[in-house]
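The next block holds one structure in the form of structure tokens; read it before the comments.
Lettering follows sequence order; numbering is per chain, from 1. For clarity, every value in this text was computed on a predicted model and none was experimentally measured.
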Number of protein chains: 2
Amino acid sequence: MNVEQILKTEKPIALESRSLIHLILVYNKVNEQYASALKEYEISLQQFNVLRILRGQKGKAANLQTLNERMVSKQSNTTRLVDKLLVKGLVNREVCPSNRRKIEITITKEGKELLLELDRIINNTEKDLLADFSKDDLVHLNNLLDKF
Amino acid sequence: MNVEQILKTEKPIALESRSLIHLILVYNKVNEQYASALKEYEISLQQFNVLRILRGQKGKAANLQTLNERMVSKQSNTTRLVDKLLVKGLVNREVCPSNRRKIEITITKEGKELLLELDRIINNTEKDLLADFSKDDLVHLNNLLDKF
DNA sequence: ATACAACAATTGTATATACAAATGTAATAC
DNA sequence: GTATTACATTTGTATATACAATTGTTGTAT
């Protein structure tokens with residue numbers, strides 16, 4: 001991925017700006033590939049995320065706060081994400097009996113089955129995105145990203 | 001930035017997934033900081049981008065295609081971005097006389113003046129975001145991001 | 001000259017995101 | 001017990017993004 005080429009600019013960009021632009025460009029690519037991989041299942045990356053978190057609960061119900069805390073993008077409106085998953089029959093939502101302010105969200109059998117397929121899809125997408133990276137590269141990348 | 005801590009998860013994530021999640025988390029942070037820096041000027045990062053591209057034209061007018069090609073996020077609806085800048089008096093838009101399908105967009109004096117202020121703001125934001133990076137780190141980061 | 005394809009920008013629409021306000025429930029103070 | 005505050009979620013609304021359809025203009029073939 002060549003930054004100057006993508007931006008069709010000939011003049012060099014300062015290292016600092018270039019790094020951040022680079023990051024945004026890479027993010028856009030990553031996001032597009034995830035989205036297009038999930039598209040045929042009519043599910044967004046955030047919805048997939050919710051399902052994966054729910055599976056991680058091992059049957060234990062999660063409330064909205066828990067989901068929100070574990071989401072990659074915290075500012076997603078989790079209520080509406082759950083709404084959509086509910087319509088598709090991928091999750092259950094019930095009022096928590098011991099505290100009626102809370103809700104208990106669990107993944108359904110259908111949700112789990114779909115996840116198995118999506119896992120495969122997402123795995124391929126990630127392999128694809130990271131095709132040019134060695135293990136060492138990835139460790140290195142993680143270390144650098146930690147500096148943010 | 002610690003990925004596991006942000007996602008409130010105790011179990012380790014596979015290196016590949018972790019790298020991509022890490023990237024998304026960093027992007028979110030970068031984006032939020034840009035947005036909040038520009039907020040008091042009621043301008044979005046994409047709008048700022050358009051202004052900066054126009055200044056780079058050195059007086060020469062740009063049409064929509066040119067802008068679009070040079071945008072960091074190509075999928076922005078440039079027509080509407082320009083609409084908004086127009087309302088604010090930061091750009092001019094005229095039909096191209098030699099080819100009435102095209103439009104000619106230029107930055108106004110007000111636009112240039114605002115940009116000078118924004119440059120300072122953005123510069124500070126970028127310094128802030130990259131505070132923990134050495135030059136070497138940045139070069140390294142750019143090299144790794146190139147692998148995408 | 002007319003028809004047709006290609007081009008450049010705009011518009012429409014569905015979905016997503018950001019953020020504030022509102023709703024309903026529970027806990028606490030008095 | 002009533003008022004007040006805090007809590008958990010939902011709703012409202014403005015803005016942004018994704019993508020397809022439409023409009024108006026130009027170029028080309030016949």
Side-chain angles (χ1 to χ4, degrees), chain A residues 24-25 27-50 61-88 91-106, chain B residues 24-25 27-50 61-88 91-106:
Chain A
I24 296 175
L25 290 173
Y27 167 84
N28 285 345
K29 179 178 178 183
V30 168
N31 208 39
E32 276 164 29
Q33 296 220 184
Y34 273 130
S36 91
L38 292 172
K39 192 172 186 183
E40 62 169 308
Y41 296 92
E42 299 199 46
I43 207 159
S44 71
L45 184 56
Q46 303 305 338
Q47 288 174 32
F48 171 70
N49 230 298
V50 170
N63 55 32
L64 267 189
Q65 270 191 326
T66 308
L67 285 184
N68 224 9
E69 279 172 355
R70 304 197 177 179
M71 294 287 289
V72 180
S73 298
K74 313 288 186 198
Q75 66 281 18
S76 300
N77 194 322
T78 314
T79 296
R80 289 181 185 128
L81 283 178
V82 172
D83 281 349
K84 279 170 194 156
L85 294 172
L86 201 63
V87 170
K88 295 177 193 164
V91 303
N92 290 315
R93 174 172 58 189
E94 286 174 38
V95 175
C96 172
S98 67
N99 184 344
R100 297 175 44 74
R101 285 175 297 190
K102 295 188 181 182
I103 59 175
E104 295 186 333
I105 306 157
T106 49
Chain B
I24 296 175
L25 289 173
Y27 167 83
N28 285 343
K29 178 177 177 181
V30 168
N31 209 38
E32 276 165 28
Q33 294 218 187
Y34 273 130
S36 92
L38 292 172
K39 192 171 186 186
E40 62 169 310
Y41 296 92
E42 299 198 48
I43 206 159
S44 71
L45 184 57
Q46 303 306 338
Q47 288 175 32
F48 171 71
N49 230 298
V50 170
N63 55 34
L64 267 189
Q65 270 191 326
T66 308
L67 284 184
N68 224 10
E69 279 173 353
R70 305 199 176 178
M71 293 289 287
V72 180
S73 299
K74 313 287 187 198
Q75 65 281 20
S76 301
N77 193 322
T78 315
T79 297
R80 288 180 185 130
L81 283 178
V82 171
D83 281 349
K84 279 169 195 157
L85 293 172
L86 201 63
V87 170
K88 296 177 193 165
V91 303
N92 289 316
R93 173 171 59 189
E94 287 174 37
V95 174
C96 172
S98 67
N99 185 342
R100 295 175 45 74
R101 284 176 298 191
K102 295 189 181 181
I103 58 175
E104 293 185 332
I105 306 157
T106 49

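- A:Met71 places its CE atom 14 Å from the P atom of D:dT9, with the value rounded to the nearest Å.
- The residue from A:Thr78, A:Leu81, A:Ile103, A:Asn49 that alone fulfils the side-chain contact (heavy atoms from CB on, under 4.5 Å) condition with A:Leu67 is A:Thr78.
- Summarising the geometry, the separation between CZ on B:Arg101 and C1' on D:dT22 is reported as 16 Å, rounded to the nearest angstrom.
- The CG-P distance, from A:Asn28 to D:dT17, rounds to 10 Å in whole Å.
- When the nearest nucleotides of DNA chain C are assigned to A:Pro97 and A:Ser73 by heavy-atom distance, the more 5′-ward of the two goes with A:Ser73.
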Protein N or O to nucleotides 14-16 of chain C N or O, pairs below 3.5 Å:
{"residue": "C:dA16", "atom": "OP2", "partner": "A:Lys84", "partner atom": "NZ", "Å": "2.8"}

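- Distances were taken from every side-chain heavy atom of B:Asn77 (C-beta onward) to each of D:dT11, C:dA8, C:dG12; the shortest belongs to C:dG12.
- Taking atom CG of A:Asn63 as the reference point, atom C1' of C:dA26 lies 15 Å away to the nearest angstrom.
- Among the heavy atoms of the strands lying under 4.0 Å from A:Asn99 are primed sugar atoms or P, OP1, OP2 only; no base atom is included.
- Whole-Å rounding puts the A:Glu94 CD to D:dT10 P distance at 13 Å.
- The shortest heavy-atom contact between A:Val91 and A:Ile105 is CB-CG2, 4.2 Å.
- At C:dT10, one or more side-chain N or O atoms of B:Arg93 fall inside 4.0 Å of OP1 or OP2 (strictly under the cut-off).
- The interatomic distance linking A:Asn68 (CG) with C:dC19 (P) rounds to 14 Å, in whole Å.
- Put simply, the side chain of B:Lys88 reaches to within 4.5 Å of the side chain of B:Ile43, judged on heavy atoms.
- Along DNA chain D, the nucleotide nearest to B:Leu81 and the one nearest to A:Thr79 differ in position, and the one closer to the 5' end is contacted by A:Thr79.
- Here the side chain of A:Arg80 is nearest to one of D:dT11, C:dA8, D:dT17, namely D:dT11.
- Rounded to whole Å, atom C1' of D:dT9 lies 12 Å from atom NZ of A:Lys102.
- A 4.5 Å side-chain heavy-atom check between A:Asp83 and A:Arg80 finds at least one atom pair inside the cut-off.
- Judged by atom type and distance alone, B:Arg100 does not reach the base of D:dG27 through any side-chain donor-acceptor pair under 3.5 Å.
- Sorted by first then second residue, the side-chain hydrogen bond (donor to acceptor under 3.5 Å, both in side chains) pairs that include residues 29-40 of chain A, not counting sequence neighbours, are A:Tyr34-A:Glu126.
- Between the P atom of D:dC19 and the CD atom of A:Glu32 lies a distance of 8 Å, rounded to the nearest Å.
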